[in-house]
Amino acid sequence: MHPSLSSPIVLIDSECVFCNYWGNYILKYDKSNSIFITIPESSLGRKIKAGNDEKIDLEKTILLRRKNQIYLYSDAVLQLILQMNNIILYPLLIGFLIPKRIRDWIYLTISKKRKMLMTNQCHISNLRKNKRFIL
């Protein structure tokens with residue numbers, strides 16, 4: 001299964017267990033069944049990164065490409081919630097009411113500690129087996 005040019009695609013850190021856990025979570029609860037996950041080292045990931053003017057540090061953020069728009073940090077999370085079309089997650093959209101600067105500060109604080117939060121490598125191998133993971 002390959003994404004179309006308009007498919008939402010999430011780039012995550014391939015080495016981070018925490019990031020891979022959330023990649024699994026996204027694919028499991030994505031009611032739209034339209035989101036794909038990839039890593040920066042994949043050919044698709046390199047293409048997406050090369051097509052952006054700004055230097056993106058994927059050690060600090062996930063990246064969501066949706067309709068040729070790039071979203072980072074808390075914006076990526078909120079846009080993912082919208083894209084997932086899962087009513088259970090909609091209360092989290094209250095995040096749009098929080099100023100972006102504060103949302104991003106919270107996001108970056110968690111991002112700095114993410115590699116200490118989880119160590120179970122099975123999240124990485126499970127994600128690699130999903131048909132919407134593009135390597």
Side-chain angles (χ1 to χ4, degrees):
M1 180 178 243
H2 287 284
S4 72
L5 292 175
S6 62
S7 297
I9 301 169
V10 178
L11 267 76
I12 60 168
D13 180 348
S14 61
E15 306 287 317
C16 175
V17 175
F18 187 75
C19 300
N20 280 263
Y21 169 85
W22 287 107
N24 283 310
Y25 183 91
I26 291 165
L27 296 181
K28 181 176 181 180
Y29 293 102
D30 173 23
K31 298 295 185 191
S32 73
N33 287 314
S34 65
I35 299 172
F36 290 83
I37 306 285
T38 193
I39 56 175
E41 299 83 13
S42 72
S43 61
L44 179 60
R46 286 192 304 270
K47 227 182 270 185
I48 292 170
K49 280 179 52 179
N52 286 298
D53 296 333
E54 60 183 288
K55 185 173 163 63
I56 298 168
D57 184 358
L58 287 168
E59 284 287 312
K60 293 182 180 176
T61 185
I62 61 168
L63 178 151
L64 169 65
R65 190 200 77 190
R66 184 172 144 230
K67 297 180 183 175
N68 292 322
Q69 179 81 19
I70 298 295
Y71 300 94
L72 304 171
Y73 308 111
S74 63
D75 287 339
V77 173
L78 292 170
Q79 290 298 322
L80 273 167
I81 292 168
L82 285 172
Q83 182 65 44
M84 289 169 71
N85 201 26
N86 189 328
I87 196 165
I88 293 171
L89 300 174
Y90 286 169
L92 298 174
L93 294 175
I94 197 166
F96 278 117
L97 299 176
I98 299 170
K100 178 175 171 39
R101 209 169 159 169
I102 294 170
R103 285 188 280 127
D104 284 349
W105 177 82
I106 293 168
Y107 183 98
L108 287 167
T109 300
I110 293 169
S111 174
K112 286 178 189 172
K113 304 203 183 298
R114 76 189 191 288
K115 291 192 178 181
M116 294 183 296
L117 295 172
M118 298 179 128
T119 58
N120 187 347
Q121 296 290 319
C122 74
H123 299 299
I124 293 174
S125 58
N126 287 346
L127 182 61
R128 301 295 186 274
K129 294 174 188 170
N130 192 297
K131 65 183 179 185
R132 288 189 286 146
F133 177 81
I134 308 297
L135 191 55

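Every heavy atom of this structure was used, including side-chain atoms; hydrogens, water molecules and symmetry mates were not. All residue numbers in this chain count up from 1 along the given sequence.
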Inset, instruction - Decide yes or no on side-chain contact (heavy atoms from CB on, under 4.5 Å) for S32 and M84, but give the supporting numbers first. - result: CA-CA 5 Å; S32 73; M84 289 169 71; 5.7 Å; no
Find out whether [X] and [Y] are in side-chain contact, i.e. whether some heavy atom of one side chain is under 4.5 Å from a heavy atom of the other.
X	Y	result
I134	I37	no
Y73	L108	yes
R132	D30	yes
V10	R65	no
D13	F18	no
N86	L89	yes
N130	N24	no

Where do [X] and [Y] come nearest, in terms of heavy atoms and distance?
X	Y	result
D75	D104	N-OD1, 4.4 Å
Q79	L64	CB-CD2, 3.6 Å
L78	F96	CB-CZ, 3.6 Å
R103	G95	CD-O, 2.9 Å
S34	S7	O-CB, 4.1 Å
Y90	N85	OH-OD1, 3.0 Å

Inset, instruction - For atom CD1 of I88, decide whether the heavy atoms of other residues, nucleotides or ligands shown that lie under 6.0 angstrom number more than 12. - result: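 No, CD1 of I88 has 12 or fewer neighbouring heavy atoms, counting only those of other groups under 6.0 Å.
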Legend entry - K31 atom NZ, neighbour heavy-atom count above 12 within 6.0 Å: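 Incorrect, the count does not exceed 12.
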Would you say [Y] ends up clustered with [X] if hydrophobic residues are merged whenever their side chains have heavy atoms under 4.5 Å apart, either directly or through other cluster members?
X	Y	result
I87	L93	yes
Y107	I94	no
L97	V77	no

Legend entry - From T38 atom OG1 to I48 atom CD1, the distance as rounded to the nearest 0.5 Å: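 Interatomic distance, T38 OG1 to I48 CD1, rounded to 0.5 Å: 7.0 Å.
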Inset, instruction - Take N20 and I12, measure what side-chain contact (heavy atoms from CB on, under 4.5 Å) needs, and give me the verdict at the end. - result: CA-CA 7 Å; N20 280 263; I12 60 168; 4.0 Å; yes
Inset, instruction - Over 60° means perpendicular and under 30° means parallel, so classify the ring planes of Y25 and Y29, tilted if in between. - result: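 Geometry flag for Y25 against Y29: tilted rings.
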Inset, instruction - Before giving the answer on side-chain contact (heavy atoms from CB on, under 4.5 Å), spell out for L11 and I62 the whole-Å C-alpha distance, their side-chain angles and the decisive distance to 0.1 Å. - result: CA-CA 6 Å; L11 267 76; I62 61 168; over 6 Å; no
Inset, instruction - Take L27 and F36 through the side-chain contact (heavy atoms from CB on, under 4.5 Å) test and state the conclusion after the steps. - result: CA-CA 8 Å; L27 296 181; F36 290 83; over 6 Å; no
Legend entry - R46 side chain vs E41 backbone, donor-acceptor pair below 3.5 Å: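 Yes, because the side chain of R46 sits within donor-acceptor range (under 3.5 Å) of the backbone of E41.
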